[in-house]
Amino acid sequence: MSQPLAYFFDSLYLIKPETSIIGFLVLILLYDLIFKKEKWLPYISLFGLVVTLFLIIEQYGYNKFAFQSSTNFGMMAIDPFGAFFKIIILLSSIIVILFSILSKELDVARDRMGEYYTLIFGMILGMFLMVSASDLILIYIAVELVSLSSFVLAGFLKNDSRSSEASLKYIIFGGVSSGIMLFGISILYGITGTTNLYEMNSLLQNFDSTNILMILTMILIFAGIGYKISAVPFHFWTPDVYEGAPVTITAYLSVASKAAGIVLLIRLIKSTFVSQKDTFGYWEMIPAFDWQGFLIIISILTMTIGNFSALWQSNVKRMLAYSSIAHAGYILAAIAVLSDQGLVGVMVYFIIYLLMNLGAFLIVIVIKNKINSEELEDYDGLGYRMPLVGVAFTIFLISLTGIPPTAGFIGKLYVFIALVDAKMLVLAVIMLLNSVVSLYYYVRILKHLYLNKPKAETTDIELSFSLKLFILVLAVPNIIFGLYFAPILEFVKTSLIILGI
Amino acid sequence: MTELIYLTVLLPLIGFLINGLFGSKIKNEKIIGTIGSGAIGLSFIVVLLILIETLGKPADQRVTIVTLFQWMKVGNLDISIAYQVDQLSILMALIVTGIGFLIHVYSIGYMHGDKGFWRFFAYLNLFIFAMMNLILADNFVLLFLGWEGVGLCSYLLIGFWYDRKFEKSTTASAAKKAFVINRIGDFGFLLGIFLIYMTFGSLNFTEVFTAANHIPVDESVVSFIALFLFIGAIGKSAQIPLFVWLPDAMAGPTPVSALIHAATMVTAGVYMVARCSIFYAMAPTIMMVVAIIGLLTAMFAATIGLVQNDIKKVLAYSTVSQLGYMFLALGVGAFTSGIFHVMTHAFFKALLFLGAGSVIHGMHHEQNIQKYGGLKKYMPVTFITFLIACIAIAGIPPFSGFFSKDEILWYSYAKGNFLFWLIGALTALITAFYMFRLLSLTFFGKERFDKHHVHPHESPKVMTVPLIILAFFSIVAGFIGIPEVFSGEGGNQIKNWLAPVFADAHSKKITYGMPSHFVEILLMVISVAGAAAAIWLARHVYLTKPGLADQIANRMKKGYSVLLNKYYVDEIYNKLIVQPIYKVSDGFLFKFTDVKIIDGTINRTASLIDLFSNNIKRIQTGVAQFYAIIMMIGIVIALFWIIVSLI
């Protein structure tokens with residue numbers, strides 16, 4: 001066999017998880033076309049995700065390029081860092097599919113669920129590519145794949161005007177951002193003559209000053225990424241889309257697609273702009289672009305505007321949308337440290353964010369199923385009518401605020417440690433103050449649940465056993481990981497291997 | 001086997017969870033009691049098996065660290081949930097689970113019919129869980145968690161009958177007092193832990209103590225560490241000046257007083273100081289402080305005990321006094337003797353409290369000894385066991401108290417000075433006196449209770465059997481510590497057993513030549529004779545010539561009322577500390593700082609944030625084109641800002 005062909009087959013072997021996702025995507029599509037039986041679709045999807053999860057775990061230790069070119073760099077980087085986030089994406093997909101089975105909101109569209117799951121698989125494929133891509137062309141395609149699938153999903157409830165409006169806004173905004181990003185990419189190609197991040201890195205090594213064109217391209221490309229992770233000022237679509245889209249999709253966008261965007265950003269910085277790493281894990285940056293200053297500003301803006309906008313929201317879903325913007329700000333702060341310790345912060349935060357944010361959305365879905373509302377004032381007294389839901393919601397919200405003994409505290413703690421170790425005290429203090437502000441709107445929900453009296457006479461609301469179990473499965477780890485977080489840290493540290501320097 | 005040590009922590013926790021979560025649904029007292037006691041009984045068996053295994057190992061291999069999991073690792077700080085199984089912790093674990101088990105069983109009878117029966121057992125199990133963490137911990141953080149845990153359980157159990165009156169206020173305020181005063185001690189303890197971490201860069205026992213032993217450290221630093229830790233011990237073990245909470249802690253059910261406020265928790269301070277013996281050995285000044293505080297407390301509390309009329313109060317002051325002895329032992333460098341006294345005291349003091357509980361139970365919750373009398377014939381088992389305990393605490397050979405107390409007195413002379421011995425021996429006489437005063441007034445003499453309403457009766461088997469077992473150990477427990485003057489060189493078993501734990505501390509401390517055996521036996525004879533005389537005197541005053549006590553009290557009115565009012569310590573604290581703090585916090589901190597400055601600032605900030613967030617909210621117009629424009633403006637500003645910053 002000739003050399004390139006051997007490379008190619010090697011690469012196919014390396015992208016087994018992606019292949020599996022494509023396979024199940026096709027399977028779901030065909031099953032839906034042929035059998036028209038909605039009932040089994042989620043289970044096929046879950047099966048597909050579990051198989052993929054298994055494949056990822058199997059290739060967890062790999063650290064090499066797939067689809068290598070002649071220069072020894074490839075289109076995709078298959079490394080433990082990527083595998084870590086693929087696992088996060090898969091776990092959130094599994095949880096979201098379980099949500100979709102439960103959600104009554106989707107009942108109006110039960111006959112179109114084949115499309116729904118197909119699109120989710122499309123999104124997963126896109127996110128997997130975003131996580132692994134090390135080539136600008138692939139990055140762009142991956143971002144577009146995720147966007148296109150999510151546009152449709154956001155507007156999945158065709159008959160709901162809010163859902164349609166959300167979808168339309170999402171498309172307009174997505175179009176603008178991806179246009180800007182593509183513009184940036186083309187200029188970057190013009191400067192360097194390559195689309196591969198690693199090749200670019202070796203070209204940039206002898207750069208010793210900032211370059212205005214470089215700044216322009218990076219800010220333009222960041223517009224595309226910032227839109228995915230809803231960083232200020234690219235966040236405007238978030239509240240409207242989160243509020244309008246089905247809750248399941250909102251939950252999904254807030255965790256999985258954000259994770260993919262964050263990885264893309266980290267990989268872009270790490271592969272392209274780092275010249276070497278010192279013994280403490282701090283990255284020495286190529287001075288082409290001041291990433292640290294830029295990220296600090298963006299992160300402060302993001303967390304502050306996210307939190308402050310959430311203060312007066314009366315729709316819980318919309319409040320959680322703003323809250324997720326604020327959390328993106330905290331994560332950006334950890335990236336701004338530009339060190340391995342910062343990455344530990346990001347990764348720990350994501351595991352915990354997955355648990356607490358999806359948990360909070362689950363409660364929103366459960367309550368919406370029962371009382372058909374997401375308005376805060378309709379939550380009055382619900383803590384007594386649904387004790388388990390009340391307690392679990394309390395755990396999730398306390399965790400989101402970051403108060404011990406919940407896992408959220410551990411997440412914030414590691415970000416703080418990274419910031420303080422890097423002597424970025426101002427950012428740490430701003431983050432701390434932001435947490436205080438966030439306490440207000442999280443606890444406001446608790447006030448409605450427990451302290452406000454319901455307007456009308458009410459009865460207790462019963463939940464099914466499986467639902468109770470599901471709530472506990474998300475709530476209990478929020479406490480356990482708050483006390484016993486060594487395994488998370490262990491997992492994060494073994495996953496902290498990024499291909500390259 | 002040693003690896004199974006986690007069971008001794010886990011089982012009480014499981015017991016707590018079952019009784020705590022489902023106790024109110026189970027309702028059946030037998031099941032709840034069995035779960036509660038069973039968990040502790042099983043733990044005791046595990047500890048016993050570990051002891052047997054450890055005895056089979058050579059002396060230098062008896063330390064095992066059992067790590068369950070790493071709890072947190074931040075920078076240099078590495079904290080594990082790990083248990084150190086060594087001679088000291090095995091001994092403490094035996095005391096805690098063994099006596100704990102007996103008291104659990106006793107409680108099944110004592111708490112019968114109480115509406116909070118399940119809650120009581122849940123708390124007791126939680127207490128054992130925390131206490132086991134405290135004594136087994138291999139680092140200061142876990143020790144501190146256990147320390148706070150037992151404090152919490154103590155609080156919960158003192159205020160267990162939260163709806164009952166206690167003295168001038170409620171049990172809840174007694175609980176609060178215990179909690180607040182312990183907080184003062186804990187503050188010192190925390191400072192000590194911080195200082196240890198700053199000095200040695202670790203909080204792990206093995207690492208810290210090895211470093212302290214080998215690396216030269218400034219003596220003043222070690223002195224501060226030792227002092228801060230001792231402040232923690234003062235709070236938990238009720239020494240001067242923080243002892244005032246323990247007498248009030250008697251508001252809790254009597255088994256609680258026996259378990260927590262006599263046998264186990266209050267000795268945690270002694271344990272902690274003994275565990276950190278190396279620091280004290282390196283700080284002779286602080287050792288002197290420890291010895292003096294212990295001695296003063298022993299004397300001071302004993303004199304108060306002379307005139308108290310509440311049966312549990314007498315025992316409470318006696319506990320404070322005996323704890324003073326233990327610190328005296330630690331202070332003169334006789335760590336083994338201190339721990340030995342912890343053990344014998346646990347037996348006879350638990351027995352005294354449980355006996356008192358049995359009396360209170362039989363007398364329909366009457367606690368005033370002036371209203372007892374002649375109970376011997378009504379409750380024979382309680383009487384005999386109580387008598388045994390009294391002899392033991394009075395220090396009459398060959399009962400257990402004699403061996404441990406005499407060893408302390410001997411070392412306070414040999415390693416301290418004659419004054420230490422004199423005050424210690426005097427205290428022993430006073431102790432013998434007030435214990436037999438208590439015994440005489442309760443079980444002998446005229447029946448002074450109202451026979452129409454009170455019908456004294458012996459307690460059920462479930463309560464008397466633990467008494468008998470404890471009485472047995474109150475007699476024989478001393479034989480593991482026969483002084484070397486009688487048993488020959490190396491004949492003191494407990495000393496041999498604990499020697500490796502304190503080896504480093506002993507090698508650091510300068511010891512002077514020991515006085516001769518003649519002196520030792522002479523002092524022993526004097527103190528035993530004195531105790532016997534005190535017993536005779538007590539019987540003379542309270543039995544042979546009733547009325548003599550009142551005459552003496554009348555003649556020395558002032559002294560008597562000072563003692564009866566416990567030297568007015570509570571009143572002095574109230575005037576000197578509590579009231580000024582109230583005044584400052586009400587007048588300045590609350591009305592000015594809190595209302596004006598803090599509330600004012602927060603309200604202003606809140607309205608500012610309100611304004612800010614209302615304006616931010618308005619940007620979100622819902623018009624997509626507008627969003628796109630803002631995004632473009634954002635990009636332009638970012639570009640502009642970075643380019644300007646370059647120029």
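Letters A, B, ... mirror the listed sequences (proteins, then strands); counts begin at 1.
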(message) Under 4.5 Å from any heavy atom of chain B, what part of A:Ile297 do you find: side chain, backbone, both or neither?
(response) side chain
(message) Suppose we screen for side chain to side chain contact (heavy atoms under 4.5 Å, CB included). Which residues come up paired with A:Phe280, at least two apart in sequence or across chains?
(response) A:Asp278, A:Tyr282
(message) For A:Tyr484, I'd like to know if atom OH has over 12 heavy atoms of other residues, nucleotides or ligands within 6.0 Å.
(response) yes
(request) Could you please spell out the steps behind the side-chain contact (heavy atoms from CB on, under 4.5 Å) verdict for B:Met632 and A:Ile180? (result) CA-CA 9 Å; B:Met632 294 309 287; A:Ile180 295 172; 3.3 Å; yes
(request) Find the one option among A:Val437, A:Leu483, A:Ile305 whose heavy-atom pairs under 4.5 Å with chain B are most numerous. (result) A:Leu483
(message) So for A:Leu216, is it side chain, backbone, both, or neither that comes closer than 4.5 Å to the heavy atoms of chain B?
(response) both
(request) Step through the shown structure and confirm whether more than 12 heavy atoms of other residues, nucleotides or ligands are within 6.0 Å of CZ on B:Phe205. (result) yes
(request) Check each atom of A:Tyr322 against the heavy atoms of chain B and say whether the ones under 4.5 Å are side chain, backbone, both or neither. (result) side chain
(message) Looking at every heavy atom in both A:Phe234 and B:Met631, which two are closest together, and how far apart are they?
(response) CD2-CG, 3.3 Å
(request) Can you establish whether the number of heavy atoms outside B:Phe640 located under 6.0 Å from its atom CZ is more than 12? (result) no
(request) Check whether A:Ile298 gets within reach of chain B through its side chain, its backbone, both or neither, counting any heavy atom under 4.5 Å. (result) neither
(message) Using 0.5 Å steps for rounding, measure from the CZ atom of A:Phe183 to the CD1 atom of B:Ile635.
(response) 10.5 Å
(message) Given heavy-atom pairs under 4.5 angstrom as the criterion, report whether the side chain, backbone, both or neither of A:Gln313 touches chain B.
(response) side chain
(message) How long is the straight-line distance from CD1 of A:Ile219 back to CD1 of B:Ile637, given to the nearest 0.5 Å?
(response) 11.0 Å
(message) Can you give me the closest heavy-atom contact between A:Pro233 and B:Gly634, atom names plus distance?
(response) CG-CA, 3.8 Å
(request) Report the residues that fulfil side chain to side chain donor-acceptor pair (under 3.5 Å) with B:Ser43, sequence neighbours left out, ordered by chain and then residue number. (result) none
(message) Once rounded to the nearest 0.5 Å, what's the spacing between atom CD1 of A:Ile212 and atom CG of B:Leu639?
(response) 9.5 Å
(message) I need the residue from A:Val176, A:Asp240, A:Val232 with the largest number of non-hydrogen atom pairs under 4.5 Å to chain B.
(response) A:Asp240
(request) Heavy-atom distances under 4.5 Å only: say whether A:Phe222 touches chain B with side chain, backbone, both or neither. (result) neither
(request) Classify the angle between the aromatic ring planes of A:Phe236 and B:Phe626 as parallel (below 30°), tilted (30 to 60°) or perpendicular (above 60°). (result) perpendicular
